[in-house]
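These notes are about the structure you will find just below.
To find a chain, count down the sequence lines: A is the first, B the second, and so on, and within it residues start at 1.
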Amino acid sequence: MDEGESSSTNNPSRPWESYNTVFTNAKAGMEGVDKEKVQRVVYEMSKGSKYFQNEERKEALMKQKIEHMRDRCAKLSSSDLSNYQKVVDRRILELEATRDLSRVWLHVDMDAFYAAVETLSNPSLKGKPMAVGGLSMISTANYEARKFGVRAAMPGFIARKLCPDLIFVPVDFPKYTHYSDLTRNVFKNYDPNFIAGSLDEAYLDITEVCRERGLSGGEVSIAEELRSSVHSETGGLTCSAGVAANRLLAKVCSDINKPNGQFVLQNDRSTVMTFISSLPIRKIGGIGKVTEHILKDALEIKTCGDMVLKGSLLYALFTQSSAGSNFFLSVGLGLGKTDTPEVRSRKSISSERTFAATGDERLLYSKLAEIAEMLSHDMKKEGLTARTLTLKLKTASFEIRSRAVSLQRYTCSSEDILKHATKLLKAELPVSIRLIGLRMSQFNEEARHSDPSQGTITKFIVQKGSSRKNLDDNDSFDLDASKNCLGNDEMLSLSYASHETSYDQLKDVVEYEEQSVTPEQECKKEEERPQVLEGDALLRKHKESKSETSAQNTEAVSVFPQMEPLLWVNGYKCNLCGIELPPSFVEERQEHSDFHLAQRLQNEESGPSSSTTPPSKRRILGKEKANSKPKKQKPNQKDGSKHIPIHTFFTKSNQNSDERRNPEEMKMALPPPRLNLSPSSSLGEPRSLPSMSDILTSSKARNLDLKIQTLGPFFRVTGKNADTGSEVGRAEGVVRPWFGRGLVLHLDTIRLTKETMVMDKSLLGVGLYVGAVAIRHGYDCGCRTAQLLAIYDSDLYHSKLVRFYRRIGFEEVKEVSGSSIGDMADMLVWGGVGTRMDANIHHLLVKWSKVFLKSVS
DNA sequence: GCGGATCAC
DNA sequence: TATGGTGATCCGC
């Protein structure tokens with residue numbers, strides 16, 4: 001068939017050749033296209049863009065996958081393979097026994113459907129290159145446009161470059177649905193139970209029709225008749241058809257003589273086997289770009305026949321489940337589904353939108369609200385209620401993230417959806433985002449009505465219920481989060497109580513709030529775990545639950561909290577004024593929080609929420625709440641804790657509470673507060689040094705979740721993979737005076753997990769980030785020098801370690817070998833031998849500034 | 001149950 | 001200047 005795309009021949013003078021897009025694989029209408037030109041244009045228009053960079057990232061991941069597969073492949077012994085071959089042989093027999101050549105399936109696929117419909121309703125478009133879609137994305141292109149290389153899923157601005165005369169027509173789904181219905185009316189005549197794949201394609205079991213028409217060869221005329229009927233019923237739309245013994249083959253066949261053509265594959269085993277064995281794997285539905293590459297580049301499987309020939313490899317390397325070796329093997333044998341179409345009900349419903357990337361939280365919340373509204377609307381229309389909510393985000397760098405919660409109750413209300421979605425989103429901020437999506441799954445099957453067009457009693461009830469609820473919303477029943485943080489939230493508390501992961505994520509984000517709790521935060525916290533309500537909070541709840549029934553709720557609903565709570569962004573930066581205060585500056589933070597509170601109170605003397613408690617009281621309340629969870633022993637002020645290993649300090653969740661601190665150590669280690677502490681991110685200090693926020697923000701972009709915890713002079717930096725949550729690196733140390741040099745940052749060896757060590761590149765990355773947080777912390781504490789000991793275990797590892805630290809800016813000071821008296825002191829301090837390395841903290845930050853500042857801008 | 005990936009249209 | 005929306009499934013935790 002078609003030649004394989006030049007598989008990653010990296011020719012530096014022709015860089016576009018390695019940018020593999022989906023736009024050049026052979027599709028109908030692409031014959032005679034100057035593929036190299038297309039490739040070059042696409043590359044030129046794309047290179048350097050965020051999208052492009054993401055494609056490169058994905059490409060690298062794929063390569064890695066392929067390498068991994070190759071490695072595993074190379075490790076297989078011949079006896080392994082011959083064992084697997086026995087399994088495969090048996091499996092082939094089993095599969096062969098299921099072969100069913102008694103059915104006749106027809107797959108029909110409309111030609112350039114949207115474009116054809118548009119041409120039908122506007123004949124002046126006939127013969128001209130045209131695409132349905134916009135400058136950002138094309139849904140379908142007609143065949144005139146395809147001659148230029150314009151294709152579905154290609155961004156419009158690239159298409160226009162390829163074909164300057166291209167006419168763009170906006171999508172019009174109602175119109176396509178109308179024409180789709182016309183085609184389906186035809187399909188019904190041949191198979192009343194046909195399976196509609198999408199608006200423009202369907203599978204028909206035409207076995208009975210064939211039988212009625214008698215004899216063989218009937219398929220050809222049936223397909224012709226059907227296509228001609230579609231043509232006349234729709235007023236001129238053409239389609240292509242494939243006929244074969246099963247759906248998988250029929251689908252492949254319909255593509256063979258596209259457009260306006262058909263292909264019939266005889267229903268006998270040898271014809272099928274001949275056909276399938278030379279078929280490129282990519283033609284099979286379910287085998288996409290990635291699978292194709294893995295099979296081709298790692299296992300040299302190019303055709304479906306190869307899947308059988310290399311069956312033992314596939315069985316050794318893939319899981320035996322449906323998507324794995326079993327699937328491949330059955331494909332290789334030309335098997336496919338022949339059964340009667342089971343009516344599959346949907347399993348999820350979703351809504352998502354792309355917009356200009358932004359990090360503006362208000363904007364993001366308002367987008368979120370719109371999407372929640374759309375989703376809720378769709379659910380009500382379909383009569384669905386569900387209990388799992390998934391938030392989908394696409395970052396400005398095109399990374400896709402999803403976060404889910406399962407609720408205790410089924411819902412379809414936009415308020416419920418938004419409330420939980422807001423929490424999920426909040427936990428991700430700050431981040432720059434270009435797409436937000438919401439999906440609901442885990443439907444309430446009992447409430448689901450079987451036929452949407454019918455309208456059953458359950459549907460009626462659900463819709464009634466939901467619409468009545470909408471009315472209620474405007475009166476009193478369902479309070480919006482912005483109006484009343486307490487809301488009606490039993491479900492919420494249960495939900496988060498039973499899903500610790502979600503709760504933990506939330507908790508992490510507000511980790512350092514607990515020292516300085518504003519009324520809004522109390523409110524927020526109550527929302528997270530209302531079960532710990534006590535004292536004032538309980539009173540407030542009582543009061544507000546009463547007012548729920550009053551008519552105070554007449555304003556338009558809004559998702560925004562009326563006042564921004566005081567948050568330490570990244571645990572470090574005040575979200576109100578941008579000043580950075582390390583978590584260890586407990587009193588300063590309290591003061592700072594009080595300052596904002598006072599300011600706020602001044603600004604709104606007449607405000608309704610003046611039920612604020614005095615600062616001292618708030619502080620106590622905050623602590624009680626904080627402590628009530630781990631249920632640990634209370635203050636016990638100075639318990640003479642002389643020698644507690646550093647690790648034990650970090651196992652508690654509230655290291656920052658005053659009670660746990662050793663006041664003496666604090667005094668010793670902490671410098672006097674520098675209140676001009678790096679307003680670097682706002683004004684003041686020249687923008688030469690990366691602030692803590694710069695570092696943390698930059699690390700987020702690299703999918704790294706960094707945290708710093710402090711306990712008096714001790715600190716710990718942890719780096720987690722933001723996706724998996726697994727720890728990839730950490731650094732611990734202490735800020736201490738050092739023989740006449742003032743304060744130094746004493747860094748224990750930075751530790752990286754094995755997982756991280758595997759990839760040398762990211763080793764530097766993760767190590768750098770973890771180190772940078774520690775260094776910046778030292779800077780904030782007034783240290784001028786950072787010092788560490790590259791521990792000596794083995795030659796190889798030690799030299800690697802020294803090289804690593806040198807690369808990030810440390811210099812060797814001396815070898816601590818235990819051979820001198822001076823070494824003894826060091827050995828006592830560090831507990832081992834190795835290479836002492838120092839760095840000037842300011843120099844380090846200057847040196848690193850490019851790394852951390854560029855990704856922010 | 002959750003999150004990332006892959007796939008199809 | 002600029003690369004979609006909806007739904008499904010699978011794998012590995």
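Residue-to-nucleotide proximity on DNA chain C shows that, of A:R353 and A:K47, the 5′-proximal contact is made by A:K47. Place A:T390 and A:G286 on DNA chain B by their nearest nucleotides, and A:T390 ends up nearer the 5' end. Projected onto DNA chain C by closest heavy-atom contact, A:S345 and A:S46 fall at different nucleotides, the more 5' of which corresponds to A:S46. Toward the 5' end of DNA chain B, the nearer of the two residues A:M62 and A:E201, judged by each one's closest nucleotide, is A:M62.
One finds a side-chain N or O of A:T354 lying less than 4.0 angstrom from the OP1 or OP2 phosphate oxygen of C:dG5. Contact annotation: A:S406 side-chain N/O to B:dC2 OP1/OP2 distance is under 4.0 Å. Side-chain N/O atoms of A:S136 include none lying less than 4.0 angstrom from OP1 or OP2 on C:dG4. Distances shorter than 4.0 Å separate some side-chain N or O of A:T319 from OP1 or OP2 on C:dC11.
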- Task: Decide side chain to side chain contact (heavy atoms under 4.5 Å, CB included) for A:T183 and A:M110; before the verdict, give the C-alpha distance in whole Å, the side-chain angles of both, and the deciding distance to 0.1 Å.
- Result: CA-CA 9 Å; A:T183 68; A:M110 304 301 296; 3.9 Å; yes
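Looking at A:S254 and A:D109, their side chains never bring a donor and an acceptor atom within 3.5 Å of each other. Counted by atom type alone, A:S198 and A:D200 present one or more donor-acceptor pairs between their side chains at under 3.5 Å. A donor-acceptor contact closer than 3.5 angstrom is absent between the side chains of A:D255 and A:S240.
Note: A:F194 and A:Y203 fail the aromatic proximity criterion, with ring centroids not under 6.0 Å apart. Aromatic rings of A:Y179 and A:F113 (six-membered ring for Trp) have centroids beyond the 6.0 Å cut-off, not under it.
Using a 4.0 Å heavy-atom distance criterion, A:R439 is classed as making no nucleic acid contact. Using a 4.0 Å heavy-atom criterion, one finds that A:L199 contacts no nucleic acid atom at all. Contacts of A:T388 with the nucleic acid, taken as non-hydrogen atoms under 4.0 Å apart, involve only primed sugar atoms and P, OP1 or OP2. Within the 4.0 angstrom heavy-atom criterion, no nucleotide atom of any strand lies near A:L389. Nucleic acid contact class of A:S139 (heavy atoms, under 4.0 Å, all strands): none. Counting any heavy atom pair closer than 4.0 Å across all strands shown, A:K161 reaches no nucleic acid atom. The residue A:I349 sits close only to the backbone: its heavy atoms come under 4.0 Å of sugar-phosphate atoms, none of a base.
Comparing B:dC2, B:dT6, C:dG7 by their nearest atom to the side chain of A:K65 picks out B:dT6. The listed nucleotides are C:dG5, C:dA8, B:dC7; the one nearest the side chain of A:R346 is C:dA8. Looking at the side chain of A:Q442, the nearest of the listed nucleotides C:dG12, B:dC7, B:dG1 is B:dG1. The A:K392 side chain lies nearest to C:dT6 when the options are B:dC7, C:dT6, C:dG5. Listed candidates were B:dA5, C:dG5, C:dA2. Nearest to the side chain of A:E352 is C:dG5. In the set C:dG4, B:dG4, C:dT9, the nucleotide with an atom closest to the side chain of A:R344 is C:dT9. For A:A404, whose side chain is taken as the heavy atoms from C-beta onward, the closest listed nucleotide among C:dT6, C:dT9, B:dC2 is B:dC2. With distances taken from any side-chain atom of A:V290 to the nucleotides B:dT6, B:dA8, C:dG5, the minimum falls on B:dT6. The side chain of A:L135 approaches C:dA2 more closely than any other nucleotide in the set C:dA2, C:dA8, C:dC11. When each of C:dA2, C:dG4, B:dG3 is scored by its nearest atom to the side-chain atoms of A:S402, the top-ranked nucleotide is B:dG3.
Rounding to whole angstrom units, CE of residue A:M69 and P of B:dA5 are separated by 16 Å. What separates CE of A:M440 from P of C:dG7 is a distance of 13 Å, to the nearest Å. One can place CE of A:M45 at 11 Å from P of C:dA2, the figure rounded to the nearest angstrom. Look at CZ on A:R387: it is 5 Å from P on B:dG1, rounded to the nearest Å. Here C:dA2 presents its C1' atom at 15 Å from CG of A:L166, a figure rounded to the nearest Å. The NZ atom of A:K63 sits 17 Å away from the P atom of B:dA5 (whole-angstrom rounding). Between A:L407 atom CG and B:dC2 atom P the separation is 9 Å, expressed in whole Å. Rounded to a whole Å, the CZ atom of A:F327 is 12 Å from the P atom of C:dC11.
Stacking of A:K347 on the aromatic ring of A:F443 is not recorded, the 6.0 Å distance cut-off and the 45° axial limit not both being met.
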